[in-house]
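Taking it in order: structure first as structure tokens, then the write-up.
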Amino acid sequence: MAVDAIVPIILIPGAPILGILFAIWLWKRVSNIHMVGGQSVLKGANGREYLLEEEQRGDEEVVAKAAEIQEAISEGAESFLMTEYRYIGVFMVIMSVAIFGLLSTVAPEEGRTKDDETRNGIFSTIAFIVGGGTSLLSGWLGMTIATYANARTAVEARKGVAPAFMCAFRSGAVMGFLLAGLGLFNLFIAIAVFKQFYGDDWVGLFEAITGYGLGGSSIALFGRVGGGIYTKAADVGADLVGKVEKDIPEDDPRNPAVIADNVGDNVGDIAGMGSDLFGSFAESTCAALIVSSVSSMGDAKDFSSLTFPLVISAVGILVCIATTFVATDLKPAKVVSEIEHTLKMQLIISTVLMTPAAWVCTTFFLPEEFTLPINGSPDPLVVKSWYMLVTVLSGLWGGLLIGLQTEYFTSNRYQPVQDVADACRTGAATDIIFGLALGYKSCIIPTIVIAITIFVGNTLAGMFGIACAALGMLSTLATGLAIDAYGPISDNAGGIAEMAGMGEDVRERTDALDAAGNTTAAIGKGFAIGSAALVSLALFGAYVTRSKIDMMHSSILDPKVFAGLLYGAMLPYWFSAMTMKSVGKAALAMVEEVRRQFNTIPGLMEGTARPDYKRCVEISTASSLSEMIAPGALVMLSPILMGALFGTQALAGMLTGGLVSGVQLAVSMSNTGGAWDNAKKYIEAGNTPHARELGPKGSDCHKAAVIGDTVGDPLKDTSGPSLNILVKLMAVESLVFAPFFYSINQGQGLVFQLFQ
């Protein structure tokens with residue numbers, strides 16, 4: 001039996017507020033790390049030193065240098081985001097005008113008035129602005145947190161692994177809870193405000209609120225693409241000239257691109273990733289809400305049942321708070337070998353705790369039985385509350401399985417990455433061949449898991465089941481963000497340690513933190529891709545319903561649908577070609593600049609002259625901002641042009657094709673790039689006899705691994721992560737503009753209208 005409506009009214013805003021307060025408390029603990037010199041060796045309860053025991057080299061001069069580098073990275077990241085946000089601001093204005101203009105001027109459908117269409121246009125535009133603003137804020141907060149924590153993590157690494165891990169993980173958790181809390185709280189407030197104008201018209205309200213997801217994903221696209229081009233242009237330029245040609249260490253202060261490289265970690269891996277996962281949350285919630293509104297729950301105006309998707313996310317925040325205490329207080333990583341295990345246990349513990357919590361949600365916030373309309377069938381689908389429990393758990397545990405298999409294929413503790421490293425014996429070519437094969441193979445399990453989740457969700461609860469499975473996968477979003485943000489913070493800490501001259505022992509600790517971070521970043525991308533597939537399908541179902549396409553006319557045997565499917569399947573490849581070429585062009589300019597500085601600045605190689613860091617930052621900024629426009633336009637314009645010119649059926653095919661090929665391509669790209677990166681780190685660390693046989697740094701095997709890692713950079717950090725936004729964004733954009741497409745010759749499009 002569903003609970004009284006007062007409970008969700010308290011729980012839904014209360015949980016995100018508690019999550020934000022928890023993030024502030026964690027932030028306070030991180031800020032207690034003062035940027036001052038001093039020596040410290042921590043001891044365990046038995047009095048034995050459990051940290052690496054090299055002599056601590058920290059002094060006031062080293063810490064002051066770390067603070068100076070941190071400030072340079074922070075200024076670079078802030079400057080880039082401010083410039084990028086100005087571009088995005090122009091886009092938001094244009095898009096807002098388009099949403100209002102196209103939706104408010106369509107001819108009213110049966111049962112709707114002109115005022116209804118105008119109201120839909122106004123509030124869809126407001127929802128778009130709120131979603132976009134929340135996404136921008138998420139990216140900015142993530143960047144601020146990461147640039148604040150990176151130098152503190154490096155300073156803590158002078159004491160040992162445990163303090164450095166604690167600083168990086170707590171900082172990542174700050175971002176996770178702030179983003180999850182803000183996303184849910186702002187969505188709830190938007191619904192509460194909109195209800196004052198819509199009354200009991202839940203269908204109209206949730207149709208308008210879909211703009212919130214469109215705003216979130218639109219900003220995420222530009223954040224991921226722009227930030228990805230920025231970070232990989234700097235990374236490729238720094239590695240190819242510095243490590244391969246000049247044989248100097250990674251993050252060496254003599255390398256002119258080193259500051260741009262570290263700035264890129266924050267604007268791409270942190271700000272872009274934060275906006276990306278916020279978009280996934282917003283779209284999956286909007287998809288579930290719009291489907292629930294046309295069910296018997298919507299007919300009964302049952303508030304607690306209609307807001308069930310928000311309840312799942314609220315309870316997930318509470319579960320993640322409990323989970324975080326395990327890594328920060330109960331059982332933190334104390335030695336290198338415990339880092340990856342501790343991070344993996346965060347995923348497992350949050351999933352285990354969320355399982356009974358999901359039972360509570362479905363038992364007390366849903367009626368024992370409700371019905372959902374089936375497209376093309378006169379008989380509704382009868383759904384029991386325990387069906388919804390199964391759908392949520394299928395997404396929740398499916399996400400964990402995808403995460404664990406991603407770890408297997410990208411961690412250098414396991415055979416696949418070690419095989420890639422071993423392939424470096426015969427050069428970069430075989431390294432690349434093995435890495436590509438690994439990426440293709442890694443698609444198998446995620447595809448099967450997603451397919452089973454879709455089948456279970458659709459069989460038990462139609463598109464509502466699929467949308468709630470996506471919410472189940474994202475219910476532990478705060479924890480996923482925490483372990484994802486941990487990686488770039490650790491990576492930056494390693495760069496600062498190298499540039500500040502903290503010593504080889506400190507760099508070894510930060511490298512160990514960073515290697516685990518590469519794996520967790522790949523796990524985070526796996527979650528994002530899996531949830532994107534489910535979200536896109538749920539949005540597709542809502543789009544088909546809103547566009548009045550029946551089952552007969554959505555079959556691939558229909559020539560319009562099949563033609564659209566072929567075009568849609570091509571789009572991820574076209575998009576990937578554009579983003580990868582953009583990285584290549586930007587990297588080419590960066591390589592030429594780094595070479596120029598090494599050749600023309602006397603004393604640079606000897607370390608007696610200072611490189612022109614600012615020039616490299618300017619190159620990355622200019623390249624990324626100019627190159628992000630074309631891929632963004634491709635994604636934003638494709639659904640509008642397809643729907644307007646060729647009709648709703650061709651657009652349905654395009655969405656299906658983009659989803660099918662985009663998921664496979666995104667998984668293989670992300671895992672291939674992650675494997676190449678960790679194969680390089682496996683050789684550099686030299687922790688096993690096999691790794692020492694391939695090394696050390698500067699050996700032919702290591703140089704081959706560096707080239708493989710460089711090839712993988714745009715795959716795992718630019719094109720791959722952007723593809724999940726592509727499939728989600730096209731689906732939610734199609735849903736938002738569905739009334740406009742249907743108004744053109746009842747969905748037949750302008751081109752086919754000419755043949756009638």
Side-chain angles (χ1 to χ4, degrees), residues 103 106 108-112 116-117 120 124 201-214 283-299 306 308-309 370-383 391 454 457-471 534-556 558 560-561 564-565 639 642-643 647-656 658-659 727-728 730-744 746-749:
L103 295 186
V106 298
E109 299 175 22
E110 185 179 351
R112 294 169 67 99
D116 291 332
E117 303 300 348
N120 182 45
S124 294
D201 181 12
W202 290 102
V203 176
L205 192 159
F206 288 152
E207 182 178 334
I209 212 71
T210 309
Y212 187 78
L214 176 60
E283 287 170 329
S284 59
T285 307
C286 291
L289 289 173
I290 199 167
V291 176
S292 70
S293 68
V294 297
S295 69
S296 60
M297 297 182 293
D299 296 336
L306 285 169
F308 170 74
F370 60 94
T371 59
L372 288 165
I374 301 177
N375 194 18
S377 172
D379 300 319
L381 176 65
V382 178
V383 181
T391 63
I454 289 172
N458 189 65
T459 302
L460 295 178
M463 288 299 171
F464 188 54
I466 296 173
C468 288
L471 281 172
L534 299 177
V535 170
S536 299
L537 189 56
L539 291 167
F540 171 78
Y543 161 76
V544 168
T545 301
R546 187 67 183 84
S547 302
K548 298 179 171 54
I549 304 174
D550 56 32
M551 294 296 289
M552 180 185 301
H553 292 96
S554 60
S555 168
I556 61 170
D558 187 293
K560 296 178 184 176
V561 175
L565 187 145
M642 181 65 77
T648 53
Q649 291 171 256
L651 178 54
M654 190 191 85
L655 296 178
T656 307
L659 169 61
V727 298
K728 293 180 302 182
M730 290 199 306
V732 73
E733 186 180 13
S734 300
L735 176 58
V736 169
F737 287 107
F740 168 69
F741 299 144
Y742 184 76
S743 71
I744 302 175
Q746 293 189 326
Q748 295 305 305

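Any value given below was found using the heavy atoms of this structure, including those in side chains, with hydrogens, waters and symmetry copies removed.
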I'd like to check [X] versus [Y] (side-chain heavy atoms, cut-off strictly below 4.5 Å). Are they in contact?
{"X": "Pro373", "Y": "Pro380", "result": "no"}
{"X": "Val535", "Y": "Val732", "result": "no"}
{"X": "Val203", "Y": "Asp201", "result": "yes"}
{"X": "Asn120", "Y": "Glu207", "result": "yes"}
{"X": "Leu534", "Y": "Ile454", "result": "yes"}
{"X": "Leu471", "Y": "Thr285", "result": "yes"}
{"X": "Ser292", "Y": "Trp202", "result": "no"}
{"X": "Lys560", "Y": "Gln748", "result": "yes"}

**Message:** So, using ring-ring contact (aromatic ring centres under 6.0 Å, His included) as the criterion, who are the partners of Phe737 when residues are at least two apart?
**Reply:**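 Phe737 satisfies ring-ring contact (aromatic ring centres under 6.0 Å, His included) with no residue once adjacent residues are dropped.
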
**ring-ring contact (aromatic ring centres under 6.0 Å, His included) partners for Tyr543, two or more places apart** =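 None.
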
Check whether [X] reaches the backbone of [Y] with its side chain - one donor and one acceptor, N or O, closer than 3.5 Å.
{"X": "Ser547", "Y": "Ile549", "answer": "no"}
{"X": "Ser296", "Y": "Thr371", "answer": "yes"}
{"X": "Thr210", "Y": "Phe206", "answer": "yes"}
{"X": "Ser536", "Y": "Val727", "answer": "yes"}
{"X": "Thr648", "Y": "Gly747", "answer": "yes"}

Please find the pair of heavy atoms, one from [X] and one from [Y], that lie closest to each other, and give the distance.
{"X": "Leu537", "Y": "Met463", "answer": "O-SD, 3.5 Å"}
{"X": "Glu733", "Y": "Pro639", "answer": "OE1-CG, 3.5 Å"}
{"X": "Pro108", "Y": "Glu117", "answer": "CA-OE2, 3.7 Å"}
{"X": "Thr391", "Y": "Cys468", "answer": "OG1-CB, 4.2 Å"}

Pairwise distance [atom1]([X]) to [atom2]([Y]) - rounded to 0.5 angstrom:
{"X": "Ser295", "Y": "Leu381", "atom1": "OG", "atom2": "CG", "value": "11.0 Å"}
{"X": "Lys728", "Y": "Leu539", "atom1": "NZ", "atom2": "CG", "value": "10.0 Å"}
{"X": "Ser743", "Y": "Leu103", "atom1": "OG", "atom2": "CG", "value": "9.5 Å"}
{"X": "Leu460", "Y": "Leu372", "atom1": "CG", "atom2": "CG", "value": "11.5 Å"}
{"X": "Phe464", "Y": "Leu289", "atom1": "CZ", "atom2": "CG", "value": "8.0 Å"}

**Message:** Go through it in stages, so that I can follow the logic: the residues are Ser734 and Phe540, the test is side chain to side chain contact (heavy atoms under 4.5 Å, CB included), and I'd like the CA-CA distance, side-chain angles, deciding distance and then a yes or no.
**Reply:** CA-CA 8 Å; Ser734 300; Phe540 171 78; over 6 Å; no

**Request:** Evaluate the criterion side chain to side chain contact (heavy atoms under 4.5 Å, CB included) for residue pair Leu651 and Phe741; output intermediate values, then yes/no.
**Result:** CA-CA 10 Å; Leu651 178 54; Phe741 299 144; 3.5 Å; yes

**Prompt:** Step by step, would you call Ile290 with Thr545 a side chain to side chain contact (heavy atoms under 4.5 Å, CB included)?
**Reply:** CA-CA 11 Å; Ile290 199 167; Thr545 301; over 6 Å; no

**Request:** Evaluate the criterion side chain to side chain contact (heavy atoms under 4.5 Å, CB included) for residue pair Leu565 and Met654; output intermediate values, then yes/no.
**Result:** CA-CA 4 Å; Leu565 187 145; Met654 190 191 85; over 6 Å; no

